[in-house]
Each structure stands twice: as C-alpha cells, then as structure tokens.
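Heads up: the structure comes next, in structure tokens.
Worth saying up front: this structure is predicted, and the values here are computed from it rather than measured. Heavy-atom basis, side chains included; hydrogens, waters and symmetry copies ignored. FYI, the numbering just counts along the sequence from 1.
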Amino acid sequence: MKIGTFAIAIHGGAGTLSRENMTEELERAHRDVLTQSLRSGHAILEAGGSALSAVEAAIVVLEDSPLFNAGKGSVFTHEERIEMDAAVMHGGLRAAGAVAAVTTIKNPIKAARAVMEKSSHVLLAESGAEAFAELVGCEIVSPEYFETEFRREQLRRAKSQERTVLDHDGGGMASVGSSSIDSSSGSNQDKKFGTVGAVALDKNGDIAAGTSTGGMTNKRFHRIGDTPLIGAGTFADNETCAVSCTGHGEFFIRNVVAYDVTALMKYKGLTLTQAADHVVNEKLRSIGGMGGLIAIDRSGTIVMPFNTAGMYRGAIGVDGTERVAIFS
C-alpha cells in the first residue's frame with residue numbers, strides 16, 4: 001500500500017437495465033447525479049479527508065436525488081410509508097454504525113455514521129434511531145419529504161399484482177422532472193435493485209464503505225434487508241477491502257456477501273477481483289441471487305461486478321481517471 005494513494009467508487013443499484021428501456025434524458029440525468037456523487041467524495045479525498053467522510057458525502061448526493069431508492073425518492077411499503085436503512089464501516093477501526101426502518105431522517109447515512117461515532121452501539125432502529133439522530137443533530141424532516149408520485153405509482157402497481165418488488169419493479173420509468181409514468185417500456189426495467197453505496201481509500205491508507213436504501217416496494221412487517229447488516233450488505237477491513245452491495249437482500253443476508261469477499265481474500269489468498277467475481281458470479285448466481293457490489297482494496301484496486309443486465313456505477317481510480325456506467 002502506498003500512502004498518499006486515494007480512490008473512490010459508487011453504485012446506485014443493479015437490475016435489468018437496458019438502453020432501449022431508458023430515454024436519453026433519463027440516462028443523462030442518472031449519469032449527472034452519479035458524476036456529482038463521485039466528484040463530491042473524491043474532492044474530500046484529494047484534500048486529505050477521510051475515506052469515511054468521502055463515502056458519506058458521495059452517498060448524501062444520491063440520497064438527495066429522487067432518481068435513486070435512498071433518501072428522497074425511496075420506495076413505499078405496503079402501508080404507504082417510507083422506511084429507510086443505512087450503514088457505514090471504517091476499515092481501520094473496524095467500527096460500524098447503522099440505522100434501520102427510519103422514516104424522518106433526511107440523510108440516513110449521516111445517522112449511521114453518528115451511531116458509529118457517538119454511541120456504543122452498531123444498529124439502531126425505527127423511533128429509537130430517529131430519537132438518537134435528532135439528539136446528535138441530524139436533520140429531521142416530515143415523511144412527506146421523501147415521497148414522489150413515481151414511487152406511489154409503483155406501489156399501486158405492486159399492490160394490484162399482489163407482490164413485493166425491488167425498486168423499479170412494476171414497469172416503466174418516470175420522466176425526469178415530472179410525475180408521469182411511461183409504461184411502454186414494459187417489464188424489462190421492472191427489476192432494479194435500488195440501494196446506493198460508496199467505498200473509498202484515503203491518503204492515510206484507510207478504507208471505508210457505506211450503503212443506503214429505501215428497501216422493497218410493498219414490503220410488509222418492517223422488513224429489513226442486507227444494507228444495515230454489517231457483513232451482509234456493508235463491510236470494511238483495512239487488511240482486505242471495503243464492500244457495498246446492491247441486490248435481493250435476503251440472498252445477501254444468507255450468504256453474508258460483503259464479509260464473504262473479505263474472507264476469501266484473508267483466508268484463501270484470493271485477489272479482490274477473484275473474490276468478488278466468485279461471490280457475485282458463482283456463489284450468488286448458483287442460488288438465484290441477483291445483484292452486484294462495489295469494492296476497493298488497500299492498494300486502490302476497484303471492482304464492480306454484477307450478475308444483472310446493468311448497474312448504476314462509477315469510479316475515480318488512483319490514476320484520477322473518472323468513469324461512469326450504467327449498462328453491462
């Protein structure tokens with residue numbers, strides 16, 4: 001590891017994304033937000049800031065955009081609520097914080113970091129997490145802040161089909177800047193796993209990971225996915241790598257996906273590329289688990305494997321090269 005090296009990667013969800021099912025306007029809008037997210041985090045690293053701060057800054061941009069299923073624009077539960085989860089982990093300290101099923105915290109990723117840094121706990125949930133977040137100064141907003149008509153329409157479709165669906169599952173995409181729904185795109189866009197996340201390496205050699213999500217459309221009984229579960233959807237260890245996942249959470253929980261990548265590196269001696277590829281394209285695929293992940297190791301190597309048709313993703317590597325992509 002070369003001290004002074006820094007890099008960052010982000011994701012905005014994986015799924016059956018294809019060019020024919022996305023307008024140029026919507027593709028450009030997604031790319032613009034991904035680029036803004038990347039540059040926000042990278043600027044912190046360039047100035048000598050921590051990987052944790054870079055991860056937080058990058059995710060805040062995605063949470064503030066209605067285009068992604070995290071923060072504003074999160075999906076609705078069966079009860080027409082919005083319940084969000086988030087987690088962060090510092091690879092050097094092996095410290096972590098998370099919140100689950102929160103409804104009024106403007107940026108759940110900030111609350112997750114506060115749990116890590118300002119409490120003796122790792123995971124807080126529901127009203128307790130919200131009370132703690134308000135106590136430590138996180139911005140609290142009305143639940144209506146997070147709502148969009150596009151997500152409400154998704155819930156109506158999901159309820160009419162009596163199913164629980166992942167993010168854009170339900171057909172069609174919203175027009176940028178409007179509440180209209182284009183249902184002509186059919187069901188190929190239906191399966192998009194909308195979790196957002198970031199991983200980063202800072203100049204001090206520390207790595208960090210963060211993940212944030214609104215969960216599943218039409219979910220019931222306060223269902224919680226892999227995002228806030230350390231080792232399942234989020235993990236970081238300076239000895240190996242930092243990982244943020246996106247996909248069908250139940251599969252990622254049962255296979256402790258984020259930790260599995262690091263364990264393969266630590267105990268089997270696999271490279272980051274080998275470990276991530278095995279977990280996503282062999283282990284998960286063999287049991288029907290769909291999705292992907294982003295990861296960074298202590299040398300700044302970045303991988304972004306996924307077993308779906310596409311994944312919103314971006315990275316600025318150690319050489320400063322910026323890249324943003326959506327499709328396979």
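Between the side chain of N307 and the backbone N or O of G289, at least one donor-acceptor pair lies under 3.5 Å. For the pair S286 (side chain) and K283 (backbone), a donor-acceptor distance under 3.5 Å is present. Listed for the H90 side chain is a donor-acceptor partner under 3.5 Å among the backbone atoms of L93. Counting only distance, with no hydrogens or angles, the side chain of R285 and the backbone of H278 share no donor-acceptor pair below 3.5 Å. At distances below 3.5 Å, not a single donor-acceptor pair connects side-chain atoms of K203 with backbone N or O atoms of F6. Within the 3.5 Å criterion, the main-chain N or O of V324 finds a donor-acceptor partner in the side chain of R31. In terms of modelled atom types and a separation under 3.5 Å, the side chain of E130 and the main chain of T104 share a donor-acceptor contact. A donor-acceptor pair is defined here as one N or O able to donate and one able to accept, closer than 3.5 Å; no such pair exists between the side chain of R323 and the backbone of I316. Distance alone, capped at 3.5 Å, places no donor-acceptor pair between the S40 side chain and the S37 backbone. Checking side-chain atoms of N204 against main-chain N and O of D206 turns up no donor-acceptor pair under 3.5 Å.
At a threshold of 4.5 Å between side-chain heavy atoms, the hydrophobic network of Ile, Leu, Val, Met, Phe, Trp and Tyr places F132 and I105 in one connected group. The cluster map of Ile, Leu, Val, Met, Phe, Trp and Tyr, joined by side-chain heavy atoms under 4.5 Å apart, puts L270 and Y267 in different clusters. Cluster annotation: L26 and I326 are assigned to the same hydrophobic cluster (Ile/Leu/Val/Met/Phe/Trp/Tyr, side-chain heavy-atom contacts under 4.5 Å, transitive).
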Go through the steps to decide whether E239 and M265 satisfy the test side-chain contact (heavy atoms from CB on, under 4.5 Å), and finish with yes or no.
-> CA-CA 9 Å; E239 292 185 21; M265 295 177 67; over 6 Å; no

So F221 and H78, side-chain contact (heavy atoms from CB on, under 4.5 Å) or not? Walk me through it.
-> CA-CA 9 Å; F221 313 118; H78 182 80; over 6 Å; no

Quick one: do T301 and S299 satisfy side-chain hydrogen bond (donor to acceptor under 3.5 Å, both in side chains)? Show the steps, please.
-> CA-CA 6 Å; T301 300; S299 68; 3.2 Å; yes

Report the C-alpha separation of V75 and L155 in whole Å, then their side-chain angles, then the decisive distance to 0.1 Å, and conclude whether the side-chain contact (heavy atoms from CB on, under 4.5 Å) test is met.
-> CA-CA 8 Å; V75 298; L155 178 64; over 6 Å; no

Show your working on salt bridge (Lys or Arg N to Asp or Glu O under 4.0 Å) between R223 and E250 and close with a plain yes or no.
-> CA-CA 10 Å; R223 175 265 185 190; E250 280 66 19; 3.0 Å; yes

Stepwise side-chain contact (heavy atoms from CB on, under 4.5 Å) test for L62 and L67 = CA-CA 8 Å; L62 299 172; L67 292 174; over 6 Å; no

So T211 and T227, side-chain hydrogen bond (donor to acceptor under 3.5 Å, both in side chains) or not? Walk me through it.
-> CA-CA 6 Å; T211 317; T227 291; 5.7 Å; no

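You'll find the side chain of T217 stays beyond 4.5 Å of the side chain of R151, heavy atoms only. With contacts defined as side-chain heavy-atom distances shorter than 4.5 Å, the pair Q154/F76 does not qualify. The shortest side-chain heavy-atom distance between I59 and V196 falls under the 4.5 Å cut-off. Side-chain contact between M290 and T308 is present, with heavy atoms from C-beta onward closer than 4.5 Å. Taking 4.5 Å as the limit, some side-chain heavy atom of M84 sits within range of a side-chain heavy atom of F146. Proximity of F306 to R313: side-chain heavy atoms (C-beta onward) are separated by under 4.5 Å at one or more points. Proximity of L123 to V115: side-chain heavy atoms (C-beta onward) are nowhere separated by under 4.5 Å. Put simply, the side chain of L52 reaches to within 4.5 Å of the side chain of E117, judged on heavy atoms.
Among residues two or more places apart in sequence or in another chain, the side-chain contact (heavy atoms from CB on, under 4.5 Å) test is passed with A209 by V199, T234, A236, A242.
For the side-chain contact (heavy atoms from CB on, under 4.5 Å) with L293, the lone residue among V261, T246, L284 that qualifies is V261.
Distance CG/D85 to OG/S74: 9.0 Å, rounded to 0.5 Å. Rounding to the nearest 0.5 Å places CD1 of I224 at 13.0 Å from CE of M216. Between atom OH of residue Y259 and atom CG of residue L264 there is a gap of 10.0 Å, rounded to the nearest 0.5 Å. Summarising the geometry, atom CZ belonging to R220 is positioned 11.5 Å from atom NE2 belonging to H222; distances are rounded to the nearest 0.5 Å. The distance from the CE atom of M89 to the CD1 atom of I207 is 9.5 Å, given to the nearest 0.5 Å. The CG atom of D237 lies 12.0 Å from the CG atom of D297; values are rounded to the nearest 0.5 Å.
A salt bridge links R81 with E83: the distance from a Lys NZ or Arg NE/NH1/NH2 to an Asp or Glu carboxylate oxygen falls below 4.0 Å. Salt bridge absent: K110 and E139 never bring a charged side-chain N and a carboxylate O closer than 4.0 Å. For R156 and E153, the salt-bridge test passes: some basic side-chain N is under 4.0 Å from an acidic carboxylate O.
Between the side chains of T5 and R298, not a single donor N or O lies within less than 3.5 Å of an accepting N or O. Under 3.5 Å, the side chains of S212 and E63 contain a donor-acceptor pair of N or O atoms.
The minimum heavy-atom distance linking F251 with I287 is given by the pair CE2-O, 3.0 Å.
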